[in-house]
S.K.: 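One structure, pasted below without further comment.
By convention in this document, chain letters (A, B, ...) are assigned in the order of the sequence lines, proteins followed by strands, and residues within each chain are numbered from 1.
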There are 2 protein chains.
Amino acid sequence: MHNGTSAKKTGRPRSADADHAILEATRAALVELGWGGLTMGDVATRAGVAKTTLYRRWAGKNELVVDAVAVLFDELELPDRGSLQADIEDVVLQFAALLALPEARTALMAVVAESTHDEALRRRIREAIVDRQKCLVVLGRRRAQERGELPPDGPPLGPHGTDTATQIDLIFDVIAGAVVHRTLVSGEPVDAAWARTFTTLLLGGLAAIR
Amino acid sequence: MHNGTSAKKTGRPRSADADHAILEATRAALVELGWGGLTMGDVATRAGVAKTTLYRRWAGKNELVVDAVAVLFDELELPDRGSLQADIEDVVLQFAALLALPEARTALMAVVAESTHDEALRRRIREAIVDRQKCLVVLGRRRAQERGELPPDGPPLGPHGTDTATQIDLIFDVIAGAVVHRTLVSGEPVDAAWARTFTTLLLGGLAAIR
DNA sequence: GGAGTTACGCTACGACTCGTAGCGAAAGAG
DNA sequence: CTCTTTCGCTACGAGTCGTAGCGTAACTCC
């Protein structure tokens, strides 16, 4: 959040209701107008607050949209379905459902695009969105190791072996990248059949890189 | 292109030099200002043309940037390196090099974001960029079949078998998605080592989905 | 070479958004 | 009650948007 832990003790406190109203108005505006059509003034009107109130809390469009969309990623979970294949398929479908929301589709790509020219924005995105997703990969991998579906951490085996951190990063980029690309670039739906085939490919590939 | 084949016979022809100057100016502006900072007036000034000339050829920022970046993707090739593994590694590194260009990084994500609210823009992106990349997958796959590294097209084998079109789409989304995600979202470099590990995973996975 | 057609550069324009400043009022802490 | 901060509101200069009008340049057809 923009003012994380520092708590001013005196003076009138900032309205939490206004925060919620603004973030919700931002998502609504994204759905109707998209990234390019979204304006600060419009969001303020929708939220029923003054434009100056927005600028007191967020530096601009970029930061506002990141916060508005970040909460959507909090809903991602990794239920224990008994097998690694089922767990991955589940999280793939969850992520696809999230990308089916118009506000998420538009905002995600736009803020990533802006972040290529803004280091602070890049950090904000990483903390608010990316790292939360990566936790799911770490958790799913550990579960699979406890089940015996994946070997425990240790030195790589073959000549193509990879260490733990590299594996996690690779899995994360492949899953998130493939789902995003299919949804937003190819424009094809991520349904149960695709999730199943993709997961089969991923698990088959994992066996090859140890 | 915006006026593809239809050729007016009479009147003063449009300046091809102006086209090149505008597209080059657009890329330069993307590098310096990013997507958000790029304005039509600035591009016109850089290119040495009038602002009205831009609007006579492109409807707006979105269409202009797609055309300006599309030519970068024409340089992608699939050299025959003798093995499927080497071919894929090569094209992965080529794609990564392209995404290392600031103008490509910024523009790609931005136009995809805008395309979520613009069907015409989506088609334009597909024709100018996506389809050209997908051809590489089709070509590489056919070569591998001729070498005997992949089985020829036919009905799927196992219970998880997939048909040809599904396989091609999947391979495409996994390759492009993973490279884009690692480069732009995770912010990690795609070097030879990563390309090797990723390709090993992909080929291992391909064996699992037939 | 003249007539017709189209693109060009230039200027100007209203509409809109931006981000900031100043004001008086409201809401909490001490 | 006083101090401090936020609130809504208004107004502002700066910048961008996309379009219109004008005279000129370039090319084709007769």
S.K.: Hey, can you pull the residues of residues 106-119 of chain A with a non-hydrogen atom under 4.0 angstrom from DNA chain C?
M.R.: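 Heavy-atom contacts with DNA chain C come from no residue of residues 106-119 of chain A; none.
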S.K.: With distance as the sole test, does A:R143 use its side chain to make a donor-acceptor pair with the main-chain N or O of A:L78 at under 3.5 Å?
M.R.: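 Confirmed, A:R143 side chain pairs with A:L78 backbone.
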S.K.: Could you tell me how far apart A:K61 (NZ) and C:dT17 (C1') are, to the nearest whole angstrom?
M.R.: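 Rounding to the nearest Å, NZ of A:K61 and C1' of C:dT17 are 10 Å apart.
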S.K.: Please tabulate, for side-chain N and O atoms in residues 185-194 of chain B, each donor-acceptor pair with protein atoms closer than 3.5 Å (sequence neighbours left out).
M.R.:
| from | atom 1 | to | atom 2 | distance (Å) |
| --- | --- | --- | --- | --- |
| B:S186 | OG | A:D173 | OD1 | 2.6 |
| B:D191 | OD1 | B:A193 | N | 3.4 |
| B:D191 | OD1 | B:W194 | N | 2.9 |

S.K.: Closest approach of B:R122 and B:T116, non-hydrogen atoms and distance?
M.R.: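 Heavy atoms of B:R122 and B:T116 come nearest at NH2-O, 3.9 Å.
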S.K.: Below 4.0 angstrom, which residues in residues 42-49 of chain A have at least one non-hydrogen atom near DNA chain C?
M.R.: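 Of all residues in residues 42-49 of chain A, none places a heavy atom under 4.0 Å from DNA chain C.
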S.K.: Identify, with sequence neighbours excluded, every residue that meets side chain to side chain contact (heavy atoms under 4.5 Å, CB included) alongside B:T45.
M.R.: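 With neighbours one apart ignored, the set is empty.
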S.K.: State which of D:dT16, D:dT5, D:dC27 makes the closest approach to the side chain of B:T39.
M.R.: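 It is D:dT16.
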S.K.: Within this structure, what is the OH-to-C1' distance between A:Y55 and D:dT10, rounded to whole angstrom?
M.R.: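 It is 16 Å, rounded to the nearest whole Å.
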S.K.: With nearest nucleotides of DNA chain C determined for B:S15 and B:G11 from heavy-atom distances, which residue corresponds to the more 5′ nucleotide?
M.R.: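 Closer to the 5' end of DNA chain C: B:G11.
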S.K.: Report yes or no: do B:D42 and B:T39 form a side-chain donor-acceptor pair below 3.5 Å?
M.R.: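 Result is no, nothing qualifies.
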S.K.: Quick check on DNA chain D: between B:G37 and B:P13, whose nearest nucleotide comes earlier from the 5' end?
M.R.: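 Nearest nucleotide further toward 5': that of B:G37.
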S.K.: Considering only D:dT5, C:dG9, D:dC17, which nucleotide approaches the side chain of A:T10 most closely?
M.R.: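 Nearest to the side chain of A:T10 among the choices is D:dT5.
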S.K.: Rounded at 0.5 Å granularity, tell me how far CD1 in A:I209 sits from OG1 in B:T199.
M.R.: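 It is 11.5 Å, given to the nearest 0.5 Å.
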S.K.: Name the pairs: protein N/O against N/O of nucleotides 22-26 of chain C, kept only if under 3.5 Å.
M.R.:
| from | atom 1 | to | atom 2 | distance (Å) |
| --- | --- | --- | --- | --- |
| C:dA26 | N3 | A:R12 | NH1 | 3.1 |

S.K.: Excluding sequence neighbours, so at least two apart, what forms side chain to side chain contact (heavy atoms under 4.5 Å, CB included) with B:A100?
M.R.: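 None.
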S.K.: Less than 4.0 angstrom between a side-chain N/O of A:T53 and OP1 or OP2 of D:dT6, yes or no?
M.R.: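 Answer is no, no contact under 4.0 Å.
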S.K.: Quick check against the 3.5 Å criterion: does B:R105 have a side-chain atom that pairs as donor or acceptor with the backbone of B:L184?
M.R.: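 Answer holds: no.
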S.K.: Using a cut-off of 6.0 Å, state whether more than 12 heavy atoms not belonging to A:E24 lie near its atom CD.
M.R.: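 Open: at most 12 neighbouring heavy atoms sit under 6.0 Å from CD of A:E24.
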